[in-house]
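Let me begin by presenting the structure, written as structure tokens, before commenting on it.
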Amino acid sequence: MDEFDMNNFAKKLKNEREKKKNLDPKWTQGYVAQLIGVARPTYTAYENGTKQPPMETVNKIANLFAISTDYLYGKTNNPTPTTRKDDLLNLATSISRAFHDFDALPEDEKQFLFEELPETVKWKLEEFRKHKARILEQGRKNHN
């Protein structure tokens, strides 16, 4: 990201956390850092725009706040993630491309797909369930 995008990312990130913190004071930088699996100083650097998070961490942040990575990166002003239908269609297209020429793949890549794809799908489903549970729990706390 260039400097402008980094500052934009930082502002949006801080804004999202502050919105949560206004509803529940536990949403400190330390709390968010713990939820996404980084040290508090690292997370603080993300909010200050002095450190760029890796894509995996950006995805965790987007999932945590239920916003899109495109919004964080300033590609859209709409914080709402793209529809699941679009995501599933993109995934189906990617999988189709991978398996279209399956016979032409080297044996080690075929084996990798057989071994890793089911576990990856299970892991992503579990991550989704955890995220959904956090959202539901936050909603219950906000109603009380």
Side-chain angles (χ1 to χ4, degrees), residues 1-101 105-106 108-144:
M1 276 189 278
D2 62 31
E3 190 64 32
F4 175 78
D5 289 334
M6 188 81 118
N7 287 332
N8 188 39
F9 177 94
K11 286 177 188 174
K12 288 181 178 182
L13 178 57
K14 184 173 185 173
N15 183 50
E16 291 299 319
R17 185 184 59 78
E18 290 292 333
K19 284 194 288 188
K20 293 276 194 191
K21 191 174 178 188
N22 287 337
L23 298 172
D24 186 343
K26 75 179 178 188
W27 284 84
T28 63
Q29 289 179 336
Y31 179 72
V32 174
Q34 181 182 9
L35 291 175
I36 63 172
V38 300
R40 191 206 46 78
T42 300
Y43 178 80
T44 300
Y46 298 158
E47 276 197 13
N48 290 337
T50 57
K51 185 170 187 175
Q52 179 179 346
M55 192 61 198
E56 178 183 344
T57 302
V58 173
N59 288 331
K60 288 179 183 180
I61 290 167
N63 287 335
L64 178 64
F65 292 115
I67 57 176
S68 72
T69 56
D70 282 348
Y71 172 73
L72 283 170
Y73 281 132
K75 294 179 182 178
T76 179
N77 289 325
N78 181 1
T80 306
T82 59
T83 64
R84 290 290 180 211
K85 182 179 177 183
D86 289 346
D87 291 344
L88 288 174
L89 287 173
N90 289 337
L91 175 61
T93 300
S94 296
I95 291 171
S96 176
R97 285 182 186 143
F99 286 101
H100 179 70
D101 293 323
L105 292 174
D108 61 337
E109 290 182 19
K110 289 179 188 177
Q111 189 64 32
F112 173 80
L113 287 173
F114 278 125
E115 292 173 2
E116 297 296 322
L117 193 56
E119 288 304 312
T120 301
V121 169
K122 286 179 196 173
W123 175 78
K124 289 301 285 181
L125 183 58
E126 184 59 29
E127 288 293 308
F128 171 76
R129 288 177 178 153
K130 288 178 189 175
H131 174 68
K132 185 170 135 182
R134 283 193 304 266
I135 297 286
L136 292 173
E137 180 64 23
Q138 185 64 35
R140 281 193 288 272
K141 287 180 180 178
N142 287 343
H143 276 59
N144 292 334

Sort and list the pairs that fulfil salt bridge (charged side-chain N to carboxylate O under 4.0 Å, His left out) and have at least one residue in residues 37-50, not counting sequence neighbours.
R17-E47
Q111 meets the side-chain contact (heavy atoms from CB on, under 4.5 Å) criterion, sequence neighbours left out, with E115
Kindly state each residue pair satisfying ring pair (Phe, Tyr, Trp, His ring centres under 6.0 Å) with at least one member in residues 20-50, sequence neighbours excluded.
W27-Y31, W27-F65
Identify, with sequence neighbours excluded, every residue that meets side chain to side chain donor-acceptor pair (under 3.5 Å) alongside K132.
none
Listed by chain and number, what are the side chain to side chain donor-acceptor pair (under 3.5 Å) partners of Q34, not counting sequence neighbours?
none
Under the side-chain contact (heavy atoms from CB on, under 4.5 Å) test, residues paired with P118 that sit two or more places apart
none
Would you please name every residue forming a salt bridge (charged side-chain N to carboxylate O under 4.0 Å, His left out) with K19, sequence neighbours left out?
E16
Mind checking side chain to side chain donor-acceptor pair (under 3.5 Å) for K51 and listing every partner two or more places apart, or none if nothing turns up?
none
Using the side chain to side chain donor-acceptor pair (under 3.5 Å) criterion, which residues pair with E56? Sequence neighbours excluded.
none
Can you name the residues that form a salt bridge (charged side-chain N to carboxylate O under 4.0 Å, His left out) with K130, not counting sequence neighbours?
E127
Applying side-chain contact (heavy atoms from CB on, under 4.5 Å) to L23 and not counting sequence neighbours gives N142
What pairs with Y71 under ring-ring contact (aromatic ring centres under 6.0 Å, His included), at least two apart in sequence or on another chain?
none
